[in-house]
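A short write-up of the structure that comes next.
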Amino acid sequence: MDSKAGKRAEDKTDDKSREGAIRPFLWYWIFGLLLFMFSQSLFELMTTSPLAYSEFKQLLHAGKVKEVTVSETTVAGALKDSGLDAVLPKQRADAIKCGADGSCPFTTVRVDDPGLVKELEAAQVRTVGQQRSEWLSTLLAWVLPILLLFWLWSSMLKRGGGMAAGLFDIGKSRARVHMQSSTGISFGDVAGADEAREELMEVVEFLKNPERYRRLGGRIPKGVLIVGAPGTGKTLLAKAVAGEAGVPFFSISGSEFVEMFVGVGAARVRDLFVQAQKVAPCIIFIDELDALGRARGIAGAVGGYNEQEQTLNQLLVEMDGFDTGKGVIILAATNRPEILDPALLRPGRFDRHVALDRPDLRGRQQILQVHVRKVLLATDVDLGRIAARTPGLSGADLANLVNEAALLAARRGKDRVDRGDFDEATDRVIAGMEKRSRLINPLEKETVAFHEAGHALVAEFRAHADRVAKVSIIPRGIAALGYTQQLPLDDRYLLRKSELLDRIDVYLGGRVAEELVFGDVSTGAQNDLQMATDLARHMVTQYGMSERLGLAAFEQNAASLLYAGAAGPHRDYSERTARLIDADIARLLDEAHERVRATLCERRTLLDRLAHVLLEKETVDREALDALIALR
Ligand code: ADP
Ligand code: ZN
């Protein structure tokens with residue numbers, strides 16, 4: 001228990017010292033009480049003589065009863081000390097225990113005897129009626145098993161380890177509030193997110209000077225939602241806002257609210273706001289908002305449902321309740337805005353959205369620049385070139401790349417990180433760690449070689465496809481057995497139909513090469529086929545690129561659903577249209593298949609040659625590829 005308390009040392013809202021003192025005390029108390037009650041009843045049992053009802057009646061008629069207490073089920077009382085053996089047989093009379101005060105307590109079972117009261121009156125016995133009072137037995141029958149169960153349960157939970165807290169840890173949820181009085185991060189640390197930075201500048205201004213804004217009566221945003229893929233710098237940006245404004249930064253993660261005890265998350269949210277308001281102006285950052293802000297009604301896990309809903313409700317209540325004038329601003333991050341409860345996005349809550357995209361070419365170069373500040377670079381390192389080779393990588397990936405390069409250089413005992421280190425780090429980060437040790441059998445290797453050669457050649461002989469930078473059959477990561485890396489000349493935001501068709505061709509290149517060479521196909525093309533199909537579907541249903549279906553768009557994209565507040569994609573076309581769409585997708589793919597087959601058949605010698613070089617050298621770079629093609 002102590003070690004647990006230690007781990008939670010940063011949790012400002014825990015009151016462990018107080019709780020810790022109460023806990024053993026409480027148990028001693030309960031135990032003492034039970035012991036007391038038990039000994040009492042034992043004492044009573046030992047000093048009281050049980051009588052048969054007939055014996056009691058005999059004694060009553062003989063005037064030997066001093067007093068009785070009548071309850072619903074028993075008659076108890078005291079007998080006179082003398083002459084009992086005149087009424088009862090000697091053996092029974094001797095069994096009656098008498099105290100020093102001359103009275104002999106007895107008890108008997110009460111039977112249905114309507115005349116009893118009259119007889120008691122006649123014998124002039126002091127009679128006390130008693131309400132049913134079986135508090136002891138009630139207590140033993142109900143409370144004891146419950147206590148026992150509680151005890152068993154809590155000790156089981158404790159043994160269960162980190163996932164579940166012990167019974168008395170209810171108040172200490174896993175959801176931890178982290179408070180940093182200053183983050184030490186500025187906008188200078190966030191590269192390539194100019195628009196997002198611009199939008200958050202206003203928040204910084206407000207936090208720096210809430211008075212001025214309040215006086216002018218401007219409406220201050222309460223909540224800003226930062227939307228972006230993992231690793232695009234959402235947390236970094238939120239910290240930078242706090243850093244720029246010089247205010248404390250509270251952070252909490254939505255996923256930590258998946259608790260087992262209902263009500264804990266809500267309490268935590270309440271605490272969070274209380275604390276934040278004390279130190280305002282400040283920033284509250286909720287990471288992974290989707291984990292707790294999932295639309296009510298589509299929440300997943302059993303049991304987690306109520307908890308999540310309660311926590312979400314509490315968050316909404318707090319957001320509505322507090323006054324922005326005090327200078328508390330809530331930033332939240334998510335990469336799945338479409339599943340958020342619409343209530344969260346209403347005005348007065350997270351009504352501002354800042355999008356963080358994966359960085360473009362310039363952005364990537366800037367991010368690399370930020371991260372190489374701490375690295376000793378050799379003069380041959382060209383960040384622009386690295387940026388060009390890494391389309392699609394996020395800020396976190398690029399930070400990782402720089403770190404990887406520095407580690408490689410250190411391992412090789414270099415003074416500076418040079419171009420070679422960066423090249424290798426790039427390869428690693430792009431396709432996962434090299435796994436040279438992984439054994440693949442020769443046939444598999446050949447299949448992969450022809451497959452990749454197929455992708456590469458189709459890309460080479462399509463006017464609108466990106467240029468091939470490198471082909472490799474080194475197994476990397478978990479899924480990919482090889483890869484063909486294409487180098488786009490620019491980041492593209494608009495693509496023409498001809499370009500999309502060429503892309504589909506390149507995706508199919510691997511599969512078609514397998515068909516041609518082996519007359520058989522493998523599972524290696526699964527991802528390619530998925531990508532090709534998705535692209536074809538988009539062309540037909542969203543881009544209006546199908547002659548037969550014309551310009552109609554059939555599926556809304558997720559982003560517009562978010563703002564429309566709908567719960568998920570829905571179909572607003574007929575069964576007949578659905579069939580047409582499917583037919584058109586199939587047609588696009590079939591046509592692509594024919595084109596690719598033609599291309600590769602025509603260049604069969606080149607395909608074989610490239611595959612063999614791949615089998616031999618494992619990788620073929622741009623220059624080697626050019627040389628191969630020139631041989632023709
Ligand atoms: P997210 O919260 O979006 O998952 P993070 O903010 O945690 O991503 O980013 C992880 C790391 O990636 C950061 O600590 C930083 O080193 C790096 N990073 C991400 N985006 C950027 C960026 N735009 N500029 C500089 N570094 C970045
Ligand atoms: Zn492939």
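Keep in mind that what you see is a predicted model, and the values were worked out from it rather than measured. Note that ligands are numbered from 1 as they come in the structure, with each ligand's atoms numbered from 1 the same way.
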Contact check, [X] vs ligand 1, heavy-atom distance below 4.0 Å:
X    : answer
Q366 : no
N335 : no
A191 : yes

Sequence-distant partners of R419, side chain to side chain donor-acceptor pair (under 3.5 Å), two or more places apart: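 If we apply the side chain to side chain donor-acceptor pair (under 3.5 Å) test to R419, skipping adjacent residues, there are no hits.
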For ligand 1, which atoms, with element, lie under 4.0 Å from some heavy atom of I367?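 Counting from 1, the qualifying ligand atoms are 22 (C), 23 (N), 24 (N), 25 (C).
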Would you mind running through ligand 1 and noting each atom that sits below 4.0 Å from a heavy atom of V190?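 Taking each heavy atom of V190 in turn, ligand 1 has 23 (N), 24 (N) under 4.0 Å.
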So which of [options] gets nearest to [atom], if we judge by its closest heavy atom?
atom                    : options                : result
atom 18 (N) of ligand 1 : A238, A193, G395, G188 : G395
atom 13 (C) of ligand 1 : L236, L356, I226       : L236
atom 3 (O) of ligand 1  : K234, E288, H371, Q369 : K234

The test is ring-ring contact (aromatic ring centres under 6.0 Å, His included); show your working for F518 and F450 and say whether it passes. CA-CA 9 Å; F518 303 101; F450 277 99; 5.6 Å; yes
Determine the minimum heavy-atom distance between H464 and D502, stating which atoms define it.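 Smallest heavy-atom distance, with atoms named: N-OD2, 2.9 Å.
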Below 3.5 Å, N or O to N or O, backbone or side chain included: is there any such pair between V370 and ligand 1?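 The answer is no, given that V370 and ligand 1 share no N or O pair closer than 3.5 Å.
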I'd like to check whether P230 has a polar contact with ligand 1, where a contact means an N/O of the residue lying under 3.5 Å from an N/O of the ligand.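 So ligand 1 has no N or O lying under 3.5 Å from an N or O of P230.
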Between [Y] and [X], is there a side-chain donor-acceptor contact under 3.5 Å, judged purely by atom types and distance?
X    : Y    : answer
H593 : E515 : yes
T605 : D608 : no
H455 : D528 : yes
R462 : T599 : yes

For [atom], what is the closest protein heavy atom, and at what distance to 0.1 Å?
atom                    : answer
atom 12 (O) of ligand 1 : A396 CA, 3.1 Å
atom 25 (C) of ligand 1 : D189 O, 3.3 Å
atom 2 (O) of ligand 1  : T235 OG1, 2.6 Å
atom 8 (O) of ligand 1  : G233 N, 3.3 Å
atom 4 (O) of ligand 1  : G231 N, 2.9 Å

Under the 3.5 angstrom rule, does the side chain of E318 hit a backbone N or O of L315 as a donor-acceptor pair?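 No, E318 side chain to L315 backbone: no donor-acceptor pair under 3.5 Å.
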Does R352 reach the main-chain N or O of V224 with its side chain, forming a donor-acceptor pair under 3.5 Å?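 Not a single qualifying donor-acceptor pair exists.
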Are any N, O or S atoms from D528 nearer to the Zn ion (ligand 2) than 2.8 Å?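 D528 does place an N, O or S atom closer than 2.8 Å to the Zn ion (ligand 2).
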Is it the case that more than 12 heavy atoms not belonging to R336 sit under 6.0 Å from its CZ atom?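 Counting neighbours around CZ of R336, 12 or fewer heavy atoms of other residues, nucleotides or ligands fall under 6.0 Å, so no.
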